[in-house]
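Contents: one structure, followed by commentary.
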Amino acid sequence: MSEERSLNFLEEIVEEDMRQGKHAGRVLTRFPPEPNGYLHIGHAKSICLNFGLAQKYNGQTNLRFDDTNPTKEETEYVDSIKADIQWLGFEWANELYASDYFDIIYAFALTLIRKGLAYVDDSSPEEIAAQKGTPTEPGIGNQYRNRSIEENLRLFEQMKAGKYPDGAKVLRAKIDLASPVMHMRDPIMYRIKHAHHHRTGDKWCIYPMYDFAHGQSDAIEEITHSVCTLEFVPHRPLYDWFIEQLEIFPSKQYEFARLNMNYTVMSKRKLLQLVEQGYVEDWDDPRMPTISGLRRRGYTPNSIREFCERIGVARRENMIDLSLLEFCIREDLNKTAWRRMAVLDPIKMIIRNYPEDQFEETYSENNPEAEGGDGGRNIPFGRELWIERDDFMEDPPKKFFRLGVGLMVRLKSAYIVKCEHFEKDVDGNVTEIHCTYFPESRSGNDTSGISVKGTIHWVSVAHAKTAEVRLYDRLFQVEDPSNEHGDFKEYLNPNSLHIIPKAYIEADLDHAEMGKGYQFMRKGYFTLDKHSTPDSLVFNRTVTLKDSWVKK
RNA sequence: UGCCUGAUAGUAUAAUGGUAGUACGACGGUUUUUGGUACCGUUUGUCUAGGUUCGAAUCCUGGUCGGGCAACCA
């Protein structure tokens, strides 16, 4: 039953390692976010990859916060990251922090200094940049490069002791200023930052750089496969160099292409701008590609995991169609979401031959896709109904299977009606549609012999509840906003949010549960917004239904 | 013009020297009390030029095009 699926390149690496008996077949990965923002769908790819890879080979995954830059990191982000990973359905083996290793990493630095492989440099950032050269010209050394081991030891200890202000000195690896690889030109290992750290408080005033923290943390945890995105490829020689010189656990770094998706942006920097400058409500605005935004929008963990599975893993740059994400959530919700009726843009229908004060109940199953319909509910029906404005046309075209004078449709789970007449106001807007119904066409025991092409949804005027409904569209008008001229924010879609203050919904939706998806028949999938209250319901549209009817 | 990377339908992703396949999209059809779902079908592809080979998407050489690298960010 298990279809033979081909391995992605990382699975092949792991299997090859196992074949060779590396690490005795042990697999330990890690997911290493910096707690400086909220996780987005691109992180979901990395999470599914790291946790999935370990799971597949009976290994484990550590959650490690890469918190080496105290000025950008906050506990709020730590909490949201943990919540998002758990929501996605993954469990980490250990919750760890790079900052937990500051003492060890400091000792590592001393080791390198003693080996003559690191030195304290008093140059300014500008001087260091200038001395680094360019990709085509080699860099040059300075007088600090030849300091004695003793002097370096003393100065570095004084850096740690807080003797110098920010920027006065750095600790650099002594490698090769002429290396064709820019990252090997004596990279900075430690900088001075008199800043409060979200975990270590004021204990430290020097902090290791990424390159002297990440691989070291991997080694300390004995990570077997350190998987990251392609932009870290140039760092790999350095990653290996530090590990080799330090003679610590030989973790290996592997890189894959990060997720890009059209009609959105995926960098924390840009997402932060949208939040801070008020273009969206917050990190969890349902238009955001963040995990929390998708969750609020109504995406399920299952759909996101499925999406990550389908996009695959490779080293080639990619741009994934938003339509694939939408396919995944529709596929999931179609199987599970209860169907309900809701009229978003109402117009009144009057059934002339249905008695004025008469009502009846009609039964409808919750989900035709599920076994036994997943139960059902009764829906009140009467003479006056709300129907969707665009289910009626004054001059219907040839294949319009809805209402127009003389046309017939079935009211879902109820009767077939025929449109006899309509009324307009002075501005020419249609205000009422008058129909007659066929009593013998009742859903379930239709003996009318009439067959109609269209079925429309409706809500009884006398019983309808109301709700605010928020419709979302793509955040940007162009496929790749970051690649356009000028500021990416110029390409925001002005119609990404459309609020319907008062939609008429089936009374049963009173019992809608937070976190559950509902299909508003023929309209899409919806879910309760976090700001919804029993007295004033608010629904977010997760995604529309696929619509293959093209208007001419 | 230094170093590192990559190139297979519109978008992704397989084929590991032996029939270029799958998914999403698009288009068309069947079924349907959701113009949904399901099912069926159609469409379009190995960047280029040479070479090795009985045989190349795959190996070799040269080109072309794309991405990345010069933060006291990660």
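Letters go in sequence order (proteins before strands), and every chain restarts at 1. Heavy atoms only: backbone and side chains are in, while hydrogens, waters and symmetry mates are out. The model shown is predicted, which means the values in this text are computed figures rather than measured ones.
- Whole-Å rounding puts the E34(A) CD to rA74(B) C1' distance at 5 Å.
- Between R185(A) atom CZ and rC4(B) atom C1' the separation is 14 Å, expressed in whole Å.
- Atom-to-atom, CZ of F520(A) to P of rU34(B) comes out at 19 Å; the value is rounded to the nearest Å.
- In this entry the distance linking CZ of R315(A) with C1' of rU5(B) reads 7 Å, nearest Å.
- P237(A) comes within 4.0 angstrom of nothing in the nucleic acid, heavy atoms only.
- Side-chain contact between K193(A) and I206(A) is absent, with no heavy-atom pair separated by less than 4.5 Å.
- One donor-acceptor pair, N or O on each side, does fall under 3.5 Å between the base of rG36(B) and the side chain of E369(A).
- Checking rA71(B), rG35(B), rU37(B) against every side-chain atom of K546(A), the shortest atom distance belongs to rU37(B).
- The main-chain N or O of M209(A) is never found under 3.5 Å from a side-chain atom of T68(A) such that the two would form a donor-acceptor pair.
- Residue I311(A) is in sugar-phosphate contact alone, with no base atom involved, counting any heavy-atom pair closer than 4.0 Å across all strands shown.
- Applying the side-chain contact (heavy atoms from CB on, under 4.5 Å) test between H214(A) and each of R30(A), Q253(A), H235(A) identifies R30(A) as the sole match.
- Rounded to whole Å, the distance from NZ on K270(A) to C1' on rC73(B) is 15 Å.
- Closest to the side chain of M319(A), from the set rU11(B), rG35(B), rU37(B), is rU11(B).
- Across all strands shown, N318(A) has heavy atoms under 4.0 Å from sugar-phosphate atoms exclusively, and none from any base.
- Among the heavy atoms of the strands lying under 4.0 Å from M521(A) is at least one base atom, whether or not backbone atoms are also near.
- If you check every strand for non-hydrogen atoms under 4.0 Å, V170(A) touches a base.
- As judged by a 4.0 angstrom heavy-atom cut-off over every strand, F401(A) is placed among the base-contacting residues.
- For the pair L411(A) and T68(A), nearest-nucleotide mapping onto RNA chain B gives the more 5' position to L411(A).
- Comparing atom distances between the M209(A) side chain and each of rC73(B), rU11(B), rG25(B) picks out rC73(B) as nearest.
- Proximity of a side-chain donor or acceptor of R145(A) to a complementary backbone N or O of V120(A) within less than 3.5 Å is not detected.
- Separating the CD atom of E317(A) from the C1' atom of rU11(B) is a distance of 15 Å, rounded to the nearest angstrom.
- For P135(A), whose side chain is taken as the heavy atoms from C-beta onward, the closest listed nucleotide among rU11(B), rA70(B), rA74(B) is rA70(B).
- Counting only heavy atoms from C-beta on, P234(A) has its side chain closest to rG68(B) among rG68(B), rU37(B), rC3(B).
- At the heavy-atom level, H457(A) lies nowhere under 4.0 Å from the strands shown.
- Nearest nucleotide to the side chain of R191(A), out of rA74(B), rG2(B), rU33(B): rA74(B).
- Among the protein residues, G139(A) comes within range of no part of the nucleic acid, since none of its heavy atoms lies under 4.0 Å from any strand.
- Without hydrogens or angle criteria, N8(A) side chain to E11(A) main chain gives a donor-acceptor distance under 3.5 Å.
- S548(A) comes within contact range of the sugar-phosphate backbone alone, with a heavy-atom separation under 4.0 Å but no base atom that close.
- Between the base of rU34(B) and the side chain of Q519(A) there is a donor-acceptor pair shorter than 3.5 Å.
- Across all strands, R410(A) comes closer than 4.0 Å to base atoms (heavy-atom distances).
- In terms of polar N and O atoms assigned as donor or acceptor, the side chain of R330(A) never comes within less than 3.5 Å of the base of rG36(B) in a complementary pairing.
- Between the C1' atom of rU11(B) and the CE atom of M261(A) lies a distance of 13 Å, rounded to the nearest Å.
- Using a 4.0 Å heavy-atom cutoff across all strands shown, R339(A) reaches at least one base atom of the nucleic acid.
- Remark: K453(A) NZ is loosely packed, at most 12 non-hydrogen atoms of other residues, nucleotides or ligands lying under 6.0 Å away.
- When heavy atoms are screened at a 4.0 angstrom cut-off, R522(A) is found touching base atoms of the nucleic acid.
- Taking atom CD of residue E479(A) and atom P of nucleotide rG10(B), one finds them 14 Å apart after rounding to whole Å.
- Distance from the side chain of T134(A) is smallest for rA70(B) among the nucleotides rA70(B), rG2(B), rU33(B).
- Under the 3.5 Å distance criterion, the side-chain polar atoms of T200(A) are left unmatched by any main-chain donor or acceptor of H197(A).
- No side-chain donor-acceptor contact under 3.5 Å links E157(A) and Y106(A).
- Residue N8(A) has its side chain nearest to rA14(B) when only rG68(B), rA12(B), rA14(B) are considered.
- Residue-level contact check: Y525(A) touches neither bases nor backbone, having no heavy atom under 4.0 Å from any strand.
- Looking at the side chain of S443(A), the nearest of the listed nucleotides rA71(B), rG25(B), rU33(B) is rU33(B).
- When heavy atoms are screened at a 4.0 angstrom cut-off, F232(A) is found touching base atoms of the nucleic acid.
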